[in-house]
Amino acid sequence: MAPPGQLLPLARSLLPLSAPPFVSGRRRRLPTLVLGRALPPPTWLPHGRLSPAHPLPFAPPRRLSRPPPPATSLPGASPGGGAEAQAVLAEFVTSERVKVAAMLGLALALCNADRVVMSVAIVPLSQAYGWTPSFAGVVQSSFLWGYLVSPIIGGALVDYYGGKRVMAYGVALWSLATFLSPWAAARSLWLFLSTRVLLGMAEGVALPSMNNMVLRWFPRTERSSAVGIAMAGFQLGNTIGLLLSPIIMSRAGIFGPFVIFGLFGFLWVLVWISAISGTPGENAQISAHELDYITRGQKLVKTQSGGERLRKVPPFSKLLSKCPTWALISANAMHSWGYFVILSWMPVYFKTIYHVNLREAAWFSALPWVMMAVLGYVAGVVSDRLIQNGTSITLTRKIMQTIGFVGPGVALLGLNAAKSPVIASAWLTIAVGLKSFGHSGMSNTAGTFAAILGTVGAGFFVDRMGSFRGFLILTSLLYFSSTLFWDIFATGERVDFDGTG
């Protein structure tokens with residue numbers, strides 16, 4: 001969806017009131033432009049007299065009952081043609097709100113890059129310190145210990161202090177934890193684990209802060225695009241971390257990526273504090289038309305929702321008494337299980353199963369996340385189109401979730417049977433790409449518990465069984481089971497928590 005753009009100043013759409021309609025005995029038409037479009041000229045009567053429909057030749061156009069919409073809409077859709085469309089696009093790209101979205105995308109890219117460094121570093125660290133696969137799983141899951149409750153705390157902090165301040169403190173803290181990891185590892189294992197817990201706690205505020213900034217900076221018509229830009233950075237951060245970490249390690253040692261990514265985080269905080277404001281009204285660089293457009297869009301949202309009565313959140317016991325609630329919990333838990341198992345263990349998997357070097361293992365593990373960033377956008381478009389074409393919300397969600405779970409389940413079985421790292425990477429790309437169709441947005445705590453269980457469980461499984469293959473089959477079966485439960489009990493309609501059904 002292309003964004004709206006700049007308003008045409010009304011003053012430029014009218015001729016000066018001092019310009020007479022007749023010069024040297026010749027009648028001259030007075031065009032009236034309203035909202036950037038020329039209306040038909042008035043009907044002139046003989047002897048220079050106006051028709052009753054236009055008694056005043058110099059009267060300004062009547063004020064409209066509603067504010068004029070933005071002069072820019074979908075690129076290429078305006079009557080002005082290609083040149084006007086290019087001007088619209090240029091205005092949007094250079095707007096202050098796009099800078100906010102870009103900085104949010106960079107923050108989320110750093111968030112995942114700092115997180116995924118351990119997925120690569122765990123291989124040489126295990127060799128250096130003699131860690132077993134089960135203990136390596138504990139080390140990898142330590143991030144999730146801090147992440148378990150921090151999104152809830154982050155949401156409360158964002159409501160009180162605003163997204164700009166909370167995001168700045170969050171990035172500063174998780175960059176500090178990343179930067180101090182080499183120092184902590186040289187002193188004690190518990191100190192090293194503490195930096196990982198701090199990393200998880202700080203990164204938990206990223207998504208609540210992003211949502212808050214999008215709500216403050218973007219009108220309703222552009223929020224999906226803004227979230228898309230930010231979340232593209234979130235997924236590409238995995239690719240950045242996996243690709244760059246082995247290269248940096250080969251030149252700066254095992255802890256080189258921790259230091260460099262930490263420094264980049266500090267640089268981001270400096271730019272964020274100096275160049276981004278918490279609200280559009282606080283920004284000294286924003287143009288008047290952009291501020292007016294954002295403000296009007298937010299007022300329209302308040303007007304539309306102001307008459308609706310807020311429903312009370314039902315008691316927790318009633319929430320858990322409904323099968324659709326458990327369908328959401330199951331889907332989110334399975335999504336997190338698969339996501340973090342793949343993110344945490346795939347570099348180890350490629351190195352262990354196919355005996356490739358660390359850089360090759362990271363490359364094979366990184367490619368799928370590019371596919372997830374692309375297909376995540378495609379999934380959103382497909383879902384919107386299904387609903388627009390008359391498909392019910394319930395059926396749409398079931399279709400998308402089925403693709404997002406059955407697809408990875410089948411692909412993991414293909415990964416398990418692959419005989420070469422190239423074929424295995426292709427199956428992994430299919431698995432991760434199709435996962436983007438099954439993103440769900442509830443029960444984050446249950447999802448984090450499942451992520452911890454999956455990350456630690458993979459290590460213990462490999463320790464006991466000596467191979468990843470059995471764990472991949474288990475994960476595939478869990479995908480199929482969760483799909484069946486979702487398709488039976490999930491709904492896109494409002495659940496009656498007051499009834500007995």
Side-chain angles (χ1 to χ4, degrees), residues 112 116 119 231-232 234-236 238-239 242-243 330-354 356 360-383 397-440 447 450-451 453-455 457-459 461-462 465 467-487 490:
N112 265 6
V116 82
S119 301
M231 293 307 295
F234 189 73
Q235 302 301 345
L236 291 176
N238 293 329
T239 305
L242 288 169
L243 293 181
S330 170
N332 190 266
M334 191 62 240
H335 173 75
S336 297
W337 173 292
Y339 183 93
F340 281 99
V341 165
I342 293 174
L343 183 65
S344 302
W345 286 106
M346 282 304 102
V348 181
Y349 175 84
F350 278 100
K351 193 173 189 309
T352 303
I353 301 297
Y354 299 104
V356 297
E360 291 173 333
W363 273 86
F364 286 129
S365 304
L367 295 178
W369 302 105
V370 179
M371 183 62 69
M372 179 176 245
V374 174
L375 288 187
Y377 174 78
V378 174
V381 173
V382 171
S383 179
R397 290 181 177 178
K398 289 184 177 182
I399 292 173
M400 303 300 286
Q401 194 73 54
T402 299
I403 296 173
F405 277 5
V406 172
V410 173
L412 288 182
L413 294 178
L415 170 66
N416 214 20
K419 302 300 182 183
S420 71
V422 175
I423 300 300
S425 182
W427 279 115
L428 185 63
T429 300
I430 295 173
V432 173
L434 292 179
K435 271 184 63 64
S436 61
F437 282 75
H439 286 164
S440 43
L453 183 61
T455 305
F461 193 97
V462 173
M465 302 299 180
S467 174
F468 280 100
R469 298 191 185 277
F471 192 80
L472 290 178
I473 295 175
L474 172 63
T475 301
S476 182
L477 293 176
L478 289 175
Y479 268 126
F480 297 147
S481 302
S482 184
T483 302
L484 183 62
F485 191 80
W486 173 269
D487 287 341

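The first residue of the sequence shown is numbered 1, and numbering continues consecutively from there. Worth knowing before you read on, the calculation uses all heavy atoms, side chains too, and leaves out hydrogens, waters and symmetry mates. Worth saying up front: this structure is predicted, and the values here are computed from it rather than measured.
Side chain of S336 to backbone of N332: a donor-acceptor contact under 3.5 angstrom is found. Remark: the backbone N or O of L343 is paired with a side-chain donor or acceptor of S119 at under 3.5 angstrom. Side chain of S482 to backbone of L478: no donor-acceptor contact under 3.5 angstrom is found. When atom types are taken as modelled, the side chain of W345 and the backbone of T455 share a donor-acceptor pair closer than 3.5 angstrom. Judged by distance alone, with hydrogens and angles left aside, the side-chain atoms of T475 form a donor-acceptor pair with the main-chain N or O of F471 at under 3.5 Å.
If you take CG on N112 and CZ on F234, they are separated by 4.0 Å, rounding to the nearest 0.5 Å. Here the OH-NZ distance, from Y339 to K435, works out to 9.0 Å after rounding to the nearest 0.5 Å. The distance from atom OG of S425 to atom CG of L367, rounded to the nearest 0.5 Å, is 5.0 Å. The distance from atom CG of L242 to atom CH2 of W369, rounded to the nearest 0.5 Å, is 8.0 Å. The CG atom of D487 lies 9.5 Å from the CD1 atom of I399; values are rounded to the nearest 0.5 Å. Atom CZ of F405 and atom CG of L434 lie 12.0 Å apart (nearest 0.5 Å).
The side-chain heavy atoms of M346 and L415, taken from C-beta on, include a pair separated by under 4.5 Å.
Looking at L428, I430, T429 one by one, the single match for side chain to side chain contact (heavy atoms under 4.5 Å, CB included) with V432 turns out to be L428.
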- [ ] Start with the C-alpha gap between W363 and V356, add the side-chain angles, then the distance that decides, and say whether side chain to side chain contact (heavy atoms under 4.5 Å, CB included) holds.
- [x] CA-CA 10 Å; W363 273 86; V356 297; over 6 Å; no
TODO: Show the numbers, then the answer: is there a side chain to side chain contact (heavy atoms under 4.5 Å, CB included) between F480 and V410?
DONE: CA-CA 9 Å; F480 297 147; V410 173; 4.1 Å; yes
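Using modelled atom types and a 3.5 Å distance limit, the side chains of T402 and T483 yield no donor-acceptor pair.
Residue M371 qualifies as open at atom CE: its count of foreign heavy atoms under 6.0 Å is 12 or below.
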